[in-house]
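Structure first, then comments.
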Amino acid sequence: MSLPLYFGWFLLSPVQNKVRCTSMDFLKTLDTLEAFKKYLTDFTGKPEKEVDLEQYFQAKGPLHCTTKFCNYGKAEGAKEYAENPAVKEFYSSVFELSLSALFVTPRTVGARVSLTEEQLLLWPADAETEVEPATSLPLGSRAHVTLGCAEGVEPVQTGLDLLQILALQQEGQQPETVEEMELGSLTYYGEGRWWLKLREPICSPACFSSFYG
Ligand code: ACK
């Protein structure tokens with residue numbers, strides 16, 4: 001059996017454009033906010049230097065939500081995942097993904113995906129616990145779409161950044177800033193971590209499939 005680089009849900013084309021536009025609009029607005037400028041050094045390292053977030057992040061490949069990174073069979077549990085009856089049954093089916101928040105850190109920009117019970121059947125049991133430090137967050141917490149990475153940052157970082165923010169929320173850390181934007185409410189969790197809870201989640205049709213590269 002030849003295993004892919006990864007399995008995941010691939011956003012259908014028209015909605016890819018919509019998500020990219022929403023993300024661009026968000027970045028364009030974020031870097032003009034006084035609240036963001038106050039913490040600019042998180043991104044620039046220098047107080048007076050400006051940042052253009054649209055240029056800061058680079059996006060590559062199709063917009064998707066990885067379920068299992070298989071690395072062509074080299075990743076632990078890859079073969080078992082591919083043999084899971086749910087994976088076989090739902091392969092090439094179209095699902096409705098709910099993108100419920102956007103987040104930005106000095107490393108990545110991404111969208112949180114809130115999975116349904118049915119979608120969780122395709123989610124690997126160890127996705128949240130194989131990370132360092134392991135989290136006690138619910139299954140599916142790591143689900144996301146990478147929208148861009150800073151120079152030299154690998155996309156795997158997006159899910160780790162998301163888990164970090166969710167862990168802070170779980171601990172009950174009070175965000176430092178709250179600002180109402182057209183898209184939703186924006187909060188700041190320190191160290192350049194921004195969280196926009198979308199007023200209207202983006203509902204996105206996506207095909208469960210795999211990527212060989
Ligand atoms: O943005 P992503 O979810 O993060 O999509 C890409 C995809 O696989 C191809 O690189 C994700 N990825 C890479 N390495 C890992 C890993 N060790 N664990 C989970 N996902 C990974 C990456």
Side-chain angles (χ1 to χ4, degrees), residues 3-10 23 39 41-45 53 56-84 86-87 97-115 119-176 187-197 208 210-213:
L3 290 170
L5 181 60
Y6 63 92
F7 285 89
W9 289 284
F10 293 80
S23 161
Y39 300 107
T41 48
D42 294 337
F43 286 79
T44 59
L53 289 179
Y56 184 91
F57 294 111
Q58 269 120 51
K60 280 183 229 135
L63 290 188
H64 69 276
C65 173
T66 306
T67 52
K68 176 70 186 172
F69 179 70
C70 293
N71 199 13
Y72 307 109
K74 287 189 277 252
E76 212 180 305
K79 188 163 173 280
E80 292 75 8
Y81 181 84
E83 286 169 350
N84 176 340
V87 170
L97 293 187
S98 172
L99 277 48
S100 53
L102 300 179
F103 55 93
V104 171
T105 76
R107 300 164 294 280
T108 62
V109 51
R112 182 189 193 182
V113 179
S114 297
L115 298 176
Q119 290 161 0
L120 283 171
L121 297 174
L122 296 167
W123 195 252
D126 62 352
E128 284 74 27
T129 49
E130 67 167 15
V131 298
E132 280 292 328
T135 74
S136 60
L137 290 161
L139 196 69
S141 298
R142 191 174 172 182
H144 68 278
V145 175
T146 296
L147 298 169
C149 294
E151 205 183 326
V153 175
E154 295 296 327
V156 64
Q157 187 61 44
T158 317
L160 306 179
D161 285 354
L162 171 60
L163 288 176
Q164 210 184 72
I165 297 174
L166 294 177
L168 293 172
Q169 292 175 350
Q170 191 187 42
E171 286 163 19
Q173 179 177 311
Q174 286 308 307
E176 290 182 30
T187 50
Y188 179 64
Y189 285 94
E191 298 175 19
R193 295 169 294 202
W194 294 89
W195 180 261
L196 178 75
K197 182 164 183 359
F208 179 66
S210 58
F211 184 88
Y212 283 82

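These numbers come from the heavy atoms of this one structure, side chains and all, not from hydrogens, waters or symmetry mates.
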Requested in this report: State the SG-CZ distance between Cys65 and Phe7, to the nearest 0.5 angstrom.
Outcome: 14.5 Å

Report task. Using a 4.5 Å cut-off on heavy atoms from C-beta on, say whether the side chain of Gln169 contacts that of Tyr189. Result -> yes

**Report entry** Residues which pass ring-ring contact (aromatic ring centres under 6.0 Å, His included) with Phe57, listed by chain and number, not counting sequence neighbours
**Finding:** none

Report summary line: Rounding to 0.5 Å, atoms CD (Gln58) and CG (Leu147) come to a distance of 14.0 Å

Query raised in the report: Do Phe43 and Val104 touch side chain to side chain, with heavy atoms closer than 4.5 Å?
Result: yes

Query raised in the report: Can you name the residues that form a side chain to side chain donor-acceptor pair (under 3.5 Å) with Ser210, not counting sequence neighbours?
Result: Tyr91

Query raised in the report: Which heavy atom of Gly140 sits nearest a heavy atom of Leu115, and at what distance?
Result: CA-CD1, 4.1 Å

Tabulate below the donor-acceptor pairs under 3.5 Å that side-chain atoms of residues 71-79 make, not counting sequence neighbours, or state none.
unit_1, atom_1, unit_2, atom_2, d
Tyr72, OH, Tyr212, O, 2.6
Lys79, NZ, Glu83, OE2, 3.4

Report summary line: For Pro106 and Glu191 the tightest heavy-atom approach is CD-O, 3.6 Å

Query raised in the report: If only atom types and distance count, is the side chain of Thr129 paired as donor or acceptor with the main-chain N or O of Ala134 below 3.5 Å?
Result: no

Report task. Please tell me if the side chains of Lys197 and Thr187 come closer than 4.5 Å, counting only heavy atoms from C-beta onward. Result -> no

Requested in this report: Using the test side chain to side chain donor-acceptor pair (under 3.5 Å), find all partners of Ser114 that sit at least two apart in sequence or belong to another chain.
Outcome: Ser100

Report task. Kindly indicate whether the side chain of Val145, heavy atoms from C-beta on, has any atom under 4.5 Å from the side chain of Val113. Result -> yes

Requested in this report: To the nearest 0.5 Å, tell me how far Trp9 CH2 sits from Leu122 CG.
Outcome: 5.0 Å

**Report entry** Under 3.5 Å donor-acceptor, Glu128 side chain and Arg142 backbone
**Finding:** yes

Query raised in the report: Taking the side chain as C-beta and beyond, is there a heavy-atom pair between Cys149 and Lys60 under 4.5 Å?
Result: no

Query raised in the report: Where does the angle between the aromatic ring planes of Tyr188 and Tyr39 fall among parallel (under 30°), tilted (30 to 60°) and perpendicular (over 60°)?
Result: parallel

Report task. Step by step, work out the side chain to side chain contact (heavy atoms under 4.5 Å, CB included) result for Tyr81 and Thr67. Result -> CA-CA 10 Å; Tyr81 181 84; Thr67 52; 2.9 Å; yes

Query raised in the report: Do Phe103 and Val109 touch side chain to side chain, with heavy atoms closer than 4.5 Å?
Result: no

Query raised in the report: Quick one: OG1 on Thr146 to CG on Leu63, what's the gap to the nearest 0.5 Å?
Result: 9.0 Å

Return all side-chain donor-acceptor pairs below 3.5 angstrom for residues 159-167, not counting sequence neighbours, or 'none' if the list is empty.
unit_1, atom_1, unit_2, atom_2, d
Asp161, OD1, Arg107, NE, 3.0
Asp161, OD1, Arg107, NH2, 3.2
Asp161, OD1, Gln157, NE2, 2.8
Asp161, OD2, Thr105, OG1, 2.6
Asp161, OD2, Arg107, NE, 3.3
Asp161, OD2, Thr108, OG1, 2.7
Gln164, OE1, Arg193, NH1, 2.8

Query - Test side chain to side chain contact (heavy atoms under 4.5 Å, CB included) applied to Pro62 - qualifying residues, sequence neighbours left out - result: Tyr6, Phe10, Gln16, Phe211

